Number of protein chains: 2
Amino acid sequence: MAKPADQHDQLIEAQDRFIASWGQMAGAWGISRTMAEAHALLYITGRPMNTDEIMDRLQISRGNASMSIRALLDWGIISRTHKRGDRKEYFEADQDVWSMFRSIVRERIKREVEPLLATLYEIRDASPAPDDATGQAQKELLANQKRLEEMLSFLKVMEKLSQRFVSPSGSGLELAAKLLTKLDK
Amino acid sequence: MAKPADQHDQLIEAQDRFIASWGQMAGAWGISRTMAEAHALLYITGRPMNTDEIMDRLQISRGNASMSIRALLDWGIISRTHKRGDRKEYFEADQDVWSMFRSIVRERIKREVEPLLATLYEIRDASPAPDDATGQAQKELLANQKRLEEMLSFLKVMEKLSQRFVSPSGSGLELAAKLLTKLDK
DNA sequence: CGTTTCTTTCAGAAATTTTTGAAATCGATG
DNA sequence: CATCGATTTCAAAAATTTCTGAAAGAAACG
């Protein structure tokens with residue numbers, strides 16, 4: 001029969017494994033490992049923690065903790081809270097995975113897709129009108145422009161699709177289920 | 001009036017800018033900058049190139065070129081070709097942005113989501129049955145399991161949704177357009 | 001075969017990213 | 001407004017990723 005201490009140890013161990021595997025995903029989400037781990041910690045424990053608790057649990061420096069927490073706040077996937085009679089700031093993760101996912105997608109569109117789109121528009125608009133060229137040069141120019149246009153329309157559709165998907169109305173899970181059904185038709 | 005040489009220079013310049021901005025997205029896609037640039041080069045020029053041409057154009061070493069090309073082949077977004085009377089291998093990018101996107105999503109699910117899912121299942125199944133605990137310890141265990149389940153169901157839905165979206169039937173653009181319409185209903 | 005041409009590998013170098021920790025800043029409190 | 005705890009900043013260090021180039025390996029040719 002398991003003693004309470006054993007169970008607690010097992011809980012901590014399971015949490016640590018969760019945190020570690022979440023941390024490994026960090027690269028995929030374009031954030032640092034520590035940032036992902038801090039988020040995983042707040043998510044899986046489900047309770048507000050202050051900087052020192054996070055530092056201790058993840059074995060990281062104060063500076064690193066501060067930076068990572070700040071970044072998570074910027075991404076909008078954790079928020080500040082306070083405890084009565086305690087000067088420290090506490091942080092808690094969004095407990096709804098779907099709204100967390102939305103924040104991440106929204107942020108990534110803003111940081112990655114939008115700048116790329118802007119640059120591609122610029123390139124397109126700066127490119128010479130091919131009317132006055134003939135032969136090979138003209139052919140190449142036209143082919144290039146075609147590919148640029150294709151990429152632009154791809155990115156625009158993706159952006160719109162993501163924004164639609166990510167719009168805050170309704171539960172993400174419901175929407176996803178609806179989508180899965182509709183895709184079959 | 002523009003001379004052919006000018007136009008050619010402008011073409012090269014526009015291509016280089018495309019390559020550079022594509023390269024900046026590399027991090028976002030979980031690949032190295034060179035890998036993204038090599039892909040951009042093959043995509044925007046639209047013609048097969050051999051290793052030396054890629055090396056020269058991107059100013060990278062032979063080793064780097066070889067590795068990057070190999071990785072792109074592994075991802076399935078470029079393919080080998082050959083020229084008659086030429087021993088060298090030539091490489092060309094998938095010219096359909098949507099099918100390229102599909103390959104990337106498919107690969108990332110395989111590399112990132114699936115291993116994470118496997119680990120999370122493992123964690124769940126290894127966690128102790130909470131029946132024999134009481135009070136605080138039990139509460140925490142249950143709360144943890146709930147969050148783990150939520151994350152699991154989220155990942156499973158995402159995986160399914162992506163696979164659906166990414167299935168090779170029909171044009172991606174059409175599908176996306178259809179989706180956008182249907183989402184409105 | 002032996003030679004030549006092309007491709008891959010991989011140990012070390014270079015570049016980049018992440019983390020640390022101490023100092024500076026902030027801000028609540030008496 | 002001086003103090004003290006909490007937080008942020010940032011230059012330097014550490015860790016990680018990427019790149020190079022020379023050497024080894026394959027494959028095509030005569």
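A note on names: the letters A, B, ... follow the listed sequences, proteins ahead of strands, and every chain is numbered from 1. Please read these numbers as outputs of a predicted model, since none were measured by experiment.
- Note: CZ (R62(A)) to P (dT9(D)) measures 15 Å, nearest angstrom.
- M35(B) places its CE atom 15 Å from the P atom of dT17(D), with the value rounded to the nearest Å.
- Residue S66(B) places at least one side-chain N or O closer than 4.0 Å to OP1 or OP2 of dT8(C).
- Taking for each of N64(A) and K88(A) the nucleotide of DNA chain D with the nearest heavy atom, the 5'-most of the two is the partner of K88(A).
- There is no side-chain donor-acceptor pair under 3.5 Å between R33(A) and Q24(A).
- Taking atom CZ of R87(A) as the reference point, atom C1' of dG27(C) lies 8 Å away to the nearest angstrom.
- Closest approach to the T34(B) side chain among dC19(D), dT9(C), dA6(D) is made by dC19(D) (side chain taken as heavy atoms from C-beta onward).
- A straight line from CD of E89(A) to P of dG5(D) spans 17 Å, rounded to a whole angstrom.
- Separating the CZ atom of R33(B) from the C1' atom of dC19(D) is a distance of 10 Å, rounded to the nearest angstrom.
- In this structure, NE2 of H82(B) is placed 19 Å from P of dT5(C), rounded to the nearest angstrom.
- The pair E107(B)-K110(B) counts as a salt bridge, with a side-chain nitrogen and a carboxylate oxygen less than 4.0 angstrom apart.
- Taking the charged nitrogens against the carboxylate oxygens, R80(A) and E92(A) have no contact shorter than 4.0 Å, which rules out a salt bridge.
- Backbone-only engagement by S32(B) is indicated by non-hydrogen atom pairs under 4.0 Å involving sugar-phosphate atoms exclusively.
- The CD-C1' distance, from Q59(A) to dG21(C), rounds to 16 Å in whole Å.
- In this structure, Q24(A) atom CD and dT17(D) atom P are separated by 11 Å, rounded to whole Å.
- No side-chain donor from either of R106(B) and Q163(B) sits under 3.5 Å from a side-chain acceptor of the other.
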